[in-house]
Amino acid sequence: MVYATTEVPDPSSVQNAQTTVVYYSDGTTEMARLGAENRTNVPLAEVSEPAQEAVLAAENRNFYSDPGISFTGIARAAWNNLTGGETQGGSTITQQYVKNAFLTSEQTYSRKFKELFLAVKLDNQYEKDEIFENYLNTIYFGRGAYGIEAAANTYFGVSAAELTPQQGAVLAVLIRSPSNNDPAVDPEGAEESWGLVLDAMVEEGWLSPEEREASVYPPVLPRTDSTLGIPSGPEGFAVQRAIAELEAKGYDEQQIRAGGLRITTTVDKRYQDAAVAAVDEVMEGEPENLREALVAIDPRTGAVRAYYGGPVSTGEGAIDYAQAQRQPGSSVKPYVLATALEEGISVNARRDGSSPQEFPDRPGLPVSNASDASCAACTLMEAMTRSLNTTYYGLAYEVGAERVRQNILEATGLPETWAGGPLEGNTVLADPETGATGASIGIGQYEMRPIDQAHGFATLASGGVEHEPFFVARVTDSEGAVLLEYDGDAGDQVFSSDVASDVTYAMTDVADHSRRSLDGGREVASKTGTQGLNDEDNSDAWMVGFTPSISTAVWMGTDRLEPIENSDGRIIYGSGLPGAIWQEFMDTVLEGTPEEDLPDRAIIRGDTGKGVPAPAPRTREPSPVTNQPTRPSNDDVSRDEEDEEEAPVVQEPVVQEPVPPAPPPPVAPPDGETTDGDGGTDDNTGGGNGDGTAPETSDPGTAGGQEVQPDDTEEQPTR
């Protein structure tokens with residue numbers, strides 16, 4: 001009955017290049033149009049015979065004799081589907097044409113049956129040459145080329161009628177995966193597949209062995225700067241992430257580029273505009289070598305609400321800095337605290353934060369706080385607010401660097417090894433040379449990405465539940481049929497709710513201390529981070545923070561690990577320009593929204609670790625001034641100490657022997673620089689591990705081994 005009632009559309013009525021539209025989260029405001037901007041239909045007679053044979057050899061050698069479907073291919077695909085193997089179609093050229101021209105992209109058995117019925121009926125009603133002609137004019141070859149005529153011109157600068165067997169084989173290889181098989185992307189892989197197509201042509205008698213032997217890979221034109229419909233502005237990065245997400249879900253380039261899809265993203269237009277405006281306004285007049293990234297995630301679902309990877313998303317200078325692997329400095333300290341809380345160590349437990357200190361894993365190489373800031377008995381919450389490096393290096397050593405690493409991986413969803421970028425193949429959160437993780441993980445020596453920090457802080461904001469970030473909320477076909485609807489995963493409880501609550505509580509004073517409080521005194525949990533290039537310059541600066549409804553990470557740096565300075569020539573810290581961008585963005589998107597409470601006390605009490613006693617109460621002389629408001633102060637913390645700068649990680653030439661140089665004299669924060677809640681103008685001012693630490697050694701008895709920076713340099717003590 002289904003077969004009998006299946007109607008075959010007239011091929012001449014098919015809109016070969018249906019435009020795919022990408023929307024913001026409201027489902028109506030367009031973000032991008034991905035369509036056929038490069039297409040010319042030609043009759044089959046105007047496609048060279050060798051090119052036709054190359055396509056048949058690659059895709060369907062028995063096309064002219066089969067009934068439109070492949071029974072062996074269907075059986076193989078059915079077996080794989082039933083046994084949990086890779087979903088396959090076993091498609092003939094007729095089936096491919098039916099799927100691309102007449103059907104939606106939904107992966108259901110009913111659609112597959114309809115594909116089979118249409119293929120058989122199409123084969124019965126139309127000549128093979130007609131089907132093949134429509135197929136060649138419909139298929140997507142990459143580089144924005146739809147149909148074989150446009151492909152011949154795009155890759156070789158010739159018409160389809162002029163294609164040689166060797167050129168035809170290049171195009172035939174592109175049909176399966178246009179981007180991956182592009183010779184400009186993978187020249188070795190493309191040439192290997194090209195040779196297999198020529199071998200198949202020899203087997204079918206379409207190419208002589210002598211011609212095959214004499215064949216050389218034809219020169220291919222360089223790729224142009226075609227945007228393929230992706231916007232060139234900051235929103236283009238969000239479009240690219242949405243496309244990558246659909247590809248990971250099984251959508252191919254043909255479906256995405258020319259399938260007439262309607263893709264609704266999670267990106268909120270108001271949030272995205274606020275991100276761009278915050279960067280543009282804060283960075284106006286600032287040095288041109290500075291780069292910025294901002295990612296905002298809904299902690300309740302993982303939906304990405306704003307995504308700024310840079311001002312240019314296509315063409316020259318297009319780099320997605322939201323995916324950049326950079327050292328996060330002290331912005332990782334909340335994960336160290338979470339690990340301690342799991343051990344029963346309260347945020348009110350006290351640790352020695354005096355400076356400098358030596359630790360067993362780095363004998364002779366003391367860890368320092370900036371400007372010799374010191375607190376011999378601060379609580380972990382106070383040490384978080386002041387970002388005392390000795391406290392959190394020591395805490396990471398106490399609870400175990402590997403434990404901290406695992407908690408970061410679970411909170412951020414990071415894998416065991418990097419799958420892309422300059423660190424591809426290296427162990428995540430570990431020394432790129434040794435693969436080991438040292439206690440300097442507690443002060444941010446190992447690389448993370450801005451999207452990872454927005455993700456990890458969202459996990460804390462959601463009560464310890466980790467949700468995978470996502471960009472695509474809904475996909476329909478051009479007729480409105482829903483192909484995909486997604487509200488986020490159920491989430492994994494990676495921290496207990498008590499641990500997440502206490503970490504959040506410990507971060508609630510940082511924004512005020514950094515002078516980055518939100519409008520109206522809105523409660524917010526945050527942390528800054530700074531990475532040192534040497535004992536005088538910083539290379540990276542971060543500001544990350546959240547409310548229950550939004551988690552936002554801001555990063556700033558340069559392309560070449562250059563010193564980052566503002567327009568006044570002053571060193572940039574996390575609370576400086578990054579903090580200003582974060583603050584402006586958060587104030588804008590949260591304006592008019594309900595106030596959201598954060599924890600106001602600790603839940604976990606006790607200390608299973610190596611605590612220190614509270615300091616003795618200090619006596620003060622009565623003040624002669626009366627009726628003046630008093631400023632709350634922490635135990636053993638003076639205003640001068642709070643204004644000390646936190647020392648960033650320093651990258652210096654690797655030394656083989658632990659020879660600790662004498663630290664230079666303290667340097668006060670520059671005039672006019674804002675504080676960051678790290679005990680100073682941001683995180684760290686001198687060299688060190690994002691903490692002011694000296695380099696670890698390669699002594700086999702150390703805990704983490706030698707801590708080596710990405711450019712094979714290691715840290716030196718801070719001033």
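A donor-acceptor pair shorter than 3.5 Å cannot be found between the side chains of Asn134 and Tyr126. A donor and an acceptor atom, one from each side chain of Gln406 and Glu410, are nowhere located under 3.5 Å apart. Looking only at atom types and distance, the side chain of Ser215 has a donor-acceptor partner in the side chain of Gln166 under 3.5 Å away. Side chain to side chain, His455 and Glu468 fail the donor-acceptor criterion of an N or O pair below 3.5 Å. Side-chain contact of Gln96 with Glu59: a donor-acceptor pair under 3.5 Å is present, judged by distance alone. Judged purely by distance below 3.5 Å, without hydrogens or angles, the side chains of Ser179 and Glu253 pair a donor atom with an acceptor atom.
At distances below 3.5 Å, not a single donor-acceptor pair connects side-chain atoms of His467 with backbone N or O atoms of Gly488. Judged by distance alone, the side chain of Asn60 and the main-chain N or O of Ile93 form a donor-acceptor pair under 3.5 Å. Proximity of a side-chain donor or acceptor of Ser65 to a complementary backbone N or O of Asn62 within less than 3.5 Å is detected. When atom types are taken as modelled, the side chain of Glu53 and the backbone of Met201 share no donor-acceptor pair closer than 3.5 angstrom. Distance alone, capped at 3.5 Å, is enough to place a donor-acceptor pair between the Gln52 side chain and the Val47 backbone. One N or O on the side chain of Thr558 and one on the backbone of Glu562 form a donor-acceptor pair closer than 3.5 Å.
Partners of Ser232 by side chain to side chain contact (heavy atoms under 4.5 Å, CB included), not counting sequence neighbours, listed by chain and number: Thr314. Qualifying side-chain hydrogen bond (donor to acceptor under 3.5 Å, both in side chains) partners for Asn426, counting only residues two or more places apart in sequence or in other chains: none. Partners of Arg474 according to the side-chain hydrogen bond (donor to acceptor under 3.5 Å, both in side chains) rule, which considers only residues two or more places apart in sequence or in another chain, are Glu485. Legend: residues meeting ring-ring contact (aromatic ring centres under 6.0 Å, His included) with Phe470, ordered by chain and number and at least two apart, are Tyr486. Remark: Tyr140 pairs with Tyr146 by the ring-ring contact (aromatic ring centres under 6.0 Å, His included) rule, at least two apart or across chains.
In this structure, Ala322 and Val295 approach most closely via the heavy-atom pair CB-CG2, 3.7 Å. The two residues Val267 and Ala238 make their nearest non-hydrogen contact at CG2-CB, 4.0 Å. Summarising the geometry of Ala324 relative to Pro450, their closest heavy-atom pair is O-CD, 3.4 Å, with the distance given to 0.1 Å. Contact detail for Asp129 and Tyr64: the closest heavy-atom pair is OD1-OH, 2.6 Å. For the pair Gln255 and Gly250, the tightest heavy-atom approach, listed with the atom from each and the gap, is OE1-O, 4.0 Å.
Side-chain contact between Pro165 and Trp206: absent, with no pair of heavy atoms (C-beta onward) separated by less than 4.5 Å. Using a 4.5 Å heavy-atom cutoff, the side chains of Tyr97 and Phe132 are not in contact. Contact of the Asn153 side chain with the Ser159 side chain is not registered, since no non-hydrogen atoms from C-beta on lie closer than 4.5 Å. Counting only heavy atoms from C-beta outward, the side chains of Ile256 and Glu247 approach each other to under 4.5 Å. At a threshold of 4.5 Å between non-hydrogen side-chain atoms, the residues Val197 and Val173 count as touching. At a threshold of 4.5 Å between non-hydrogen side-chain atoms, the residues Val472 and Val475 count as touching. Considering only heavy atoms from C-beta on, Thr94 comes within 4.5 Å of Leu122 through its side chain. Counting heavy atoms from C-beta on, the side chains of Thr92 and Phe63 never come closer than 4.5 Å.
Applying the 6.0 Å contact sphere to CD of Glu49 captures no more than 12 heavy atoms from other residues, nucleotides or ligands. In Glu127, the CD atom is not crowded: 12 or fewer heavy atoms of neighbouring residues, nucleotides or ligands sit closer than 6.0 Å.
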(message) Working note: Ile408 + Asp452, criterion side-chain contact (heavy atoms from CB on, under 4.5 Å); need CA distance, chi angles, decisive distance, verdict.
(response) CA-CA 9 Å; Ile408 297 177; Asp452 300 326; over 6 Å; no
(request) Test Leu246 against Ile263 for side-chain contact (heavy atoms from CB on, under 4.5 Å), laying out the working first. (result) CA-CA 10 Å; Leu246 287 178; Ile263 304 169; 3.4 Å; yes
(message) Test side-chain contact (heavy atoms from CB on, under 4.5 Å) on Leu261 and Leu34; report intermediate values, then the result.
(response) CA-CA 9 Å; Leu261 303 181; Leu34 314 176; over 6 Å; no
(message) Checking Ile230 against Gln240 for the side-chain contact (heavy atoms from CB on, under 4.5 Å) test, could you report, in this order, the C-alpha distance in whole Å, the side-chain angles of both residues, the deciding distance, and whether it holds?
(response) CA-CA 8 Å; Ile230 295 176; Gln240 292 173 16; 3.7 Å; yes
(message) Determine whether Tyr446 and Asp431 satisfy the following criterion, side chain to side chain donor-acceptor pair (under 3.5 Å), listing intermediate values before the conclusion.
(response) CA-CA 7 Å; Tyr446 308 119; Asp431 187 297; 5.7 Å; no
(request) Decide yes or no on salt bridge (charged side-chain N to carboxylate O under 4.0 Å, His left out) for Lys128 and Asp123, but give the supporting numbers first. (result) CA-CA 7 Å; Lys128 287 286 190 178; Asp123 191 76; 2.6 Å; yes
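The CD1 atom of Ile131 sits 12.0 Å away from atom CG of Leu44, with the distance rounded to the nearest 0.5 Å. Atoms CZ and CG, on Phe141 and Leu174 in that order, are 7.5 Å from each other to the nearest 0.5 Å. A distance of 11.0 Å separates CD in Gln445 from CG in Leu429, rounded to the nearest 0.5 Å. With values rounded to the nearest 0.5 angstrom, Leu484 atom CG is found 5.0 Å from Tyr251 atom OH. Distance check: Asp252 CG to Ile175 CD1 gives 12.0 Å after rounding to the nearest 0.5 Å. Atoms OG and CZ, from Ser313 and Arg241 in turn, are 12.5 Å apart once rounded to the nearest 0.5 Å.
Of the charged side-chain nitrogens involved, at least one lies within less than 4.0 Å of a carboxylate oxygen, so that Glu416 and Arg405 count as a salt-bridged pair. Under a 4.0 Å N-O distance rule, the pair Asp477/Arg262 does not qualify as a salt bridge. Between Glu447 and Arg326 there is no salt bridge, since no side-chain N of the basic residue sits under 4.0 Å from a carboxylate O of the acidic one.
For residues 177-193, every residue pair satisfying the salt bridge (Lys or Arg N to Asp or Glu O under 4.0 Å) rule, not counting sequence neighbours, is listed here: Arg143-Asp182, Asp182-Arg223.
A side chain to side chain donor-acceptor pair (under 3.5 Å) with Tyr321 is found for exactly one of Arg291, Arg449, Glu292, namely Arg291.
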